[in-house]
Amino acid sequence: MILVTGATGNVGRLVVDHLLAAGATDVRALTNHPERAKLPPEVDVVRGYLGAVETLPAALEGVERMYLAPLETTVREVTGLAAKAGVQHVVDLAGPKDSWWGPIEVAVEESGVAWTHLEAGEFMDNTLSWADQIRTTGQVRDAYPGSANAMIALDDIAAAAAVCLTQDGHTGRAYELTGPESLTRAEKVRLIGEALGREVPYVELSHAEAVEELRPSMGEYAQWYVDGMADLVAHPQRALPTFRELTGRPGTTFAEWARRNVELFR
Ligand SMILES: NC(=O)c1ccc[n+]([C@@H]2O[C@H](COP(=O)([O-])OP(=O)(O)OC[C@H]3O[C@@H](n4cnc5c(N)ncnc54)[C@H](OP(=O)(O)O)[C@@H]3O)[C@@H](O)[C@H]2O)c1
């Protein structure tokens, strides 16, 4: 039995699909909202959430492997319960030890259960933060058009998780996952424009202006996010071959992602 936690979530729901596509027959999904998750009928559904640890013992019964969604607050209790229930392998979505997500990796390792860490870079879906302004003004107002990183599609994170859960040889490994190419913010906006069939101008803001624009949606993290953008001008994130090595296929390009999600920008 493979348990997928956060199964209504953006990544978890896709992990369920990739597990089934890989031929897994015993898949259990932990979700607060089975009706929203629209899970395939062959999936065993348990109602619950990683934050409500009392829902975990029933979900963990008979489970051999699990996908762990990133929730730091209860990760120690959850991984302790997993160890007690006899889970043999946890595949977590987290991040390097010195990152925001590091405490999740530490707790998983200290539980004593065999692990695989998926350290995903920024998600392509984060560019949906431009969707409102593209829809309403036809342009993007943002800082640092030359800031470059190798964003990854959520579906590729899920595909990588399914490989680690269904194939041997991945325990004790931390996989840093990126998309297949490093692109600047200006290039991403250009590709969204291509998908839309029109040019989307990039109106460059100063650092301080960008922080102010982001503050309503990101609060205290706006400053941190814009500082990160500035850093990626001088030190662009490189694309890594990890996804291709794990899955045997190239990762989703930003152009493909933009075409697939174009209606959200129209
Ligand atoms: N590099 C990165 O950007 C990076 C790296 C690692 C992780 N992450 C994080 O990874 C996550 C991926 O998103 P995801 O949607 O797959 O997973 P998620 O945010 O962990 O959410 C999964 C599910 O958990 C439940 N849930 C979450 N918060 C809840 C709350 N406060 N109360 C009750 N239930 C709650 C919801 O289930 P129901 O729908 O069933 O209620 C949700 O669908 C994001 O949070 C992202 O920030 C990002």
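Counting starts at 1 for both ligands and their atoms, in listed order.
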Taking distance alone, no hydrogens or angles, what donor-acceptor pairs closer than 3.5 Å link side-chain atoms of residues 51-71 to residues at least two apart or in another chain?
unit_1, atom_1, unit_2, atom_2, d
Thr55, OG1, Tyr49, N, 3.3
Thr55, OG1, Tyr49, O, 3.3
Thr55, OG1, Ala52, O, 2.6
Arg65, NH1, Leu165, O, 2.7

Applying the 4.5 Å side-chain criterion to the ILVMFWY set and letting contacts propagate, would Leu246 and Leu240 be lumped into a single cluster?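 No, it is not one cluster - the side chains of Leu246 and Leu240 are not joined through contacts under 4.5 Å.
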
Once ring-ring contact (aromatic ring centres under 6.0 Å, His included) is applied, what residue pairs with a partner in residues 178-217 remain, sequence neighbours excluded?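 For residues 178-217: Tyr144-His207.
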
Quick test of your reading: applying ring-ring contact (aromatic ring centres under 6.0 Å, His included), list the pairs with at least one residue in residues 153-197, sequence neighbours left out, ordered by first then second residue.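 Of all non-adjacent pairs touching residues 153-197, those that pass ring-ring contact (aromatic ring centres under 6.0 Å, His included) are His170-Tyr175.
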
So which protein residues pack against ligand 1 under 4.0 Å, heavy atoms counted?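 Protein residues near ligand 1 are Gly6, Thr8, Gly9, Asn10, Val11, Gly12, Thr31, Asn32, His33, Tyr49, Ala69, Pro70, Leu93, Ala94, Trp101, Ala120, Gly121, Phe123.
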
Can you tell which of Thr137, Thr136, Asp142 makes a side chain to side chain contact (heavy atoms under 4.5 Å, CB included) with Gln139?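 Result: among Thr137, Thr136, Asp142, Thr137 is the only option passing the side chain to side chain contact (heavy atoms under 4.5 Å, CB included) with Gln139.
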
Under a 4.0 Å threshold between the charged nitrogen and the carboxylate oxygen, would Arg244 count as salt-bridged to Asp156?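 Here Asp156 does not pair with Arg244 in a salt bridge, since their nearest N and O are not under 4.0 Å apart.
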
